[in-house]
Protein chains: 2
Amino acid sequence: MPKKRSGNATIADVAREAGVGVMTASRVVNGGKYVSAETAARVRSAIAKLSYEPNEAARVLKGKSPRLIGLMVPNLADPFFSACAHGVQLMAATYGFRTLLFACEGNVDSEAEEIGMMKSRGVAGLLIVPSRVDSVDPLKELRERGIPIIMLDRTLPGLDAGEVMVENFEGAQKAVNHLVEHGHQRILCVGYDSQFNSIGQRVAGYERAMADAGLKAEVLVVDEKTSVARRVLQRLRSQPPVTALFTLNNVTTIQVLQTLQRENIQVPQEVAIIGFDDFELASLLAAPLTAVSQPAVALGRSGTQLLIDLIRSDAAEASKKSPRMLLPTELIIRRSCGCEPPPQRQD
Amino acid sequence: MPKKRSGNATIADVAREAGVGVMTASRVVNGGKYVSAETAARVRSAIAKLSYEPNEAARVLKGKSPRLIGLMVPNLADPFFSACAHGVQLMAATYGFRTLLFACEGNVDSEAEEIGMMKSRGVAGLLIVPSRVDSVDPLKELRERGIPIIMLDRTLPGLDAGEVMVENFEGAQKAVNHLVEHGHQRILCVGYDSQFNSIGQRVAGYERAMADAGLKAEVLVVDEKTSVARRVLQRLRSQPPVTALFTLNNVTTIQVLQTLQRENIQVPQEVAIIGFDDFELASLLAAPLTAVSQPAVALGRSGTQLLIDLIRSDAAEASKKSPRMLLPTELIIRRSCGCEPPPQRQD
DNA sequence: CCACGCATTGGTAATGATACCAATGCGGGC
DNA sequence: GCCCGCATTGGTATCATTACCAATGCGTGG
């Protein structure tokens, strides 16, 4: 059966073809320094001729950290996370790393389990957007084995790991300030899922902006998605009515917009809205959405950069470092906040 | 240094702890049959005590196919592909497989290269939404090594592999028929990228529907994205004007909608539009989009199911089978086609 | 009673790459 | 002339696991 062998040349085959020892061949493959130019050339041509590719499994077995990083996100359907994943891919590829992806997709219990898998599968490092605060224990185990971890977008307390966050506080503040400038008095902050500090920071930014304006903060953060709609409507119909909404993430924004559409409530005439987290279609919505844009791709790229740096540095020193990074947000003004369209044509 | 060893027990450690030979321990781990009940119990308790986990790298090196499948998609930012990936994740997880993801993200040259990586990395099978027709050669190599492949959404000709497609022809037909029923005479079919048969099938479905209605087909398929806008506008301003558009995919749909918005052209009053491929925000657009909905998640799940079946079946017989599957589409009627909103309130 | 089959068990080789160590050869400093 | 260091090269053990083969012991049919 020629199948099994064809193309699966080993380093020994390469060495034989080039007429050198296996170690010499190995040195050429790994860029080792003690090889003469001619020898290296001969080996390289043998590699090309046999289309040799090193066997990752053997390398890993021998103790080399694999050129593979793990990436765990809550959900690939959310454009924010898929953009992060995109960024991770891009940066990983430039370093020749591959990506082992896991999206728990709502099944939060599977996260801890999968973290366990990651370690037996042998990843050199892990990027994670945590779905659950309980995941901190299995992550600690990973850390104890010397596998570096970077958290993206959210932070788990008590975990010795790097993190890349966005300026949640400042972003929220900017958004709310903008609503205040439009003269809104009752601005409701809506979201669900307060487990994570990224949401907490946004709420804090909201509260600060409200306090600075001398307004009363009203935060509506619910656990179950289903009741958001009903409770927002209540506030819109209270006296005096809420005239502006600040939604804490993508999912909430869309949910609220759907509710408003269903109830035939005009945006921004009846209620203004600014969402945290921008998305591609925001400009095509019935009321083009003003949003706090997060640099999702940059988040993934920066995180990957940090992680690969950790992987490359000595394991001993890496275990002491926990790099932190903060990325800026931008307020993208469209029309849902009540602004006129940008200067394209004014009459 | 207790770190390196902690938790990394080998099968030899387990065997020693249990007082048996390594082979016996290995048989217990792999569910081998020739082990007495007491011995198995002793080994199992040793495994638990040492928290032993088999080393995947060594297993793969020894020739076992890993519980890992490769997934290659063109682009994670496209909700269609990320939904596919979601489906793959779900099904893979239920079989205990993990997913090695690669998204070439526009850098189509990297696809072939990455396919090469997949084989050295040792995946048990590959799911791919091809980005490039040239990828057929490296894929063939993979097939020759006995690694099963399933193509999703698109097919490469001349490759002995399974495939899961959607009913592109029928979906397009349904969409165009609907526009015809609204009385449109000039219906333009717009898209870019005609390399793949999924697009070809949609165009064919469009042409069939137009022919059946006795109308003249007008297909505008361009290579470069940039000129789409200009060329569509030309047609809209020709005499008699094009009054309806059928866009061949997600990306084109959005591009066209952006152009129409920029030019202040009303949908559906001035031009009706139906897109192939639905997306979450379609109902919140200024003109809620009528679209052909593809079962993206099901696509991923079915493909994964087929792939794992192939992996599990004997490699010899698997090399002969190329399963095929076709999934239905659904026309989701909203307003961009000119229909009134669904019976929610009529006055 | 012997041979044979069967269940059970363990030793050893092999998988592919690399670390470690040894060996070779050459040039220069003493 | 001798020895040391340096560049270069190769042999072999090792990583964790499993396939293959051998060995043991027990029971049973001829």
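Within every chain, numbering begins at 1; the chains are lettered A, B, ... in the order of the sequence lines, protein sequences first and strands thereafter.
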Nearest to the side chain of [X] - [options]?
X	options	result
A:Pro54	D:dT17, C:dA17, D:dT9	C:dA17
A:Thr39	C:dC20, D:dT9, C:dG10	D:dT9
A:Ala58	C:dT9, C:dG16, D:dT17	C:dG16
B:Arg59	C:dA17, D:dT17, C:dT9	D:dT17
A:Lys64	C:dG10, D:dT18, C:dA19	C:dA19
B:Ser36	D:dG10, D:dA16, C:dT8	C:dT8
B:Thr10	C:dT18, C:dG10, D:dT17	D:dT17

Please report, rounded to the nearest Å, how far the [atom2] atom of [N] is from the [atom1] atom of [X].
X	N	atom1	atom2	answer
A:Lys62	D:dA13	NZ	P	13 Å
B:Arg16	C:dG11	CZ	C1'	15 Å
A:Leu61	C:dA14	CG	P	17 Å
B:Glu56	D:dT17	CD	P	10 Å
B:Glu53	D:dC15	CD	P	20 Å
A:Arg27	C:dC20	CZ	P	12 Å
B:Asn55	C:dG16	CG	P	16 Å
A:Asp13	C:dT15	CG	C1'	13 Å

Are any non-hydrogen side-chain atoms of [X] and [Y] less than 4.5 angstrom apart?
X	Y	result
A:Pro66	A:Val123	no
B:Met165	B:Asp153	no
A:Met91	A:Phe97	no
B:Leu156	B:Met151	yes

Which residue lies toward the 5' end of DNA chain D, A:Tyr34 or A:Met23, if each is placed at its nearest nucleotide?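 This one resolves to A:Tyr34.
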Is there a side-chain polar atom (N or O) of B:Asn30 under 4.0 Å from OP1 or OP2 of D:dT18?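 Checking B:Asn30 against D:dT18: at least one side-chain N or O falls below 4.0 Å of OP1 or OP2.
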Respond yes when some side-chain nitrogen or oxygen of A:Thr24 is under 4.0 Å from OP1 or OP2 of D:dG10, and no when none is.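 For D:dG10, OP1/OP2 do have a side-chain N/O of A:Thr24 under 4.0 Å.
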Closest-nucleotide 5' rank along DNA chain C - winner of A:Ser26 and B:Lys33: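 This one resolves to B:Lys33.
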Does A:Ala12 or B:Ala40 map to a spot on DNA chain C nearer the 5' end, using the closest nucleotide for each?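 The answer here is B:Ala40.
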May I ask you to say what A:Val35 touches in the nucleic acid, namely base, sugar-phosphate or nothing, with a heavy-atom cut-off under 4.0 Å? sugar-phosphate
Have a look at B:Val20 and say if it touches a base, only the backbone sugar-phosphate, or nothing, with a 4.0 Å heavy-atom cut-off.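 Counting heavy atoms under 4.0 Å across all strands, the contact made by B:Val20 is with sugar-phosphate only.
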Check the surroundings of atom CZ in B:Arg301: do more than 12 heavy atoms from other residues, nucleotides or ligands lie under 6.0 Å from it?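 No.
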Would you name the heavy atoms of A:Leu71 and A:Leu126 that are closest together and state the gap between them?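 Smallest heavy-atom distance, with atoms named: N-CD1, 4.1 Å.
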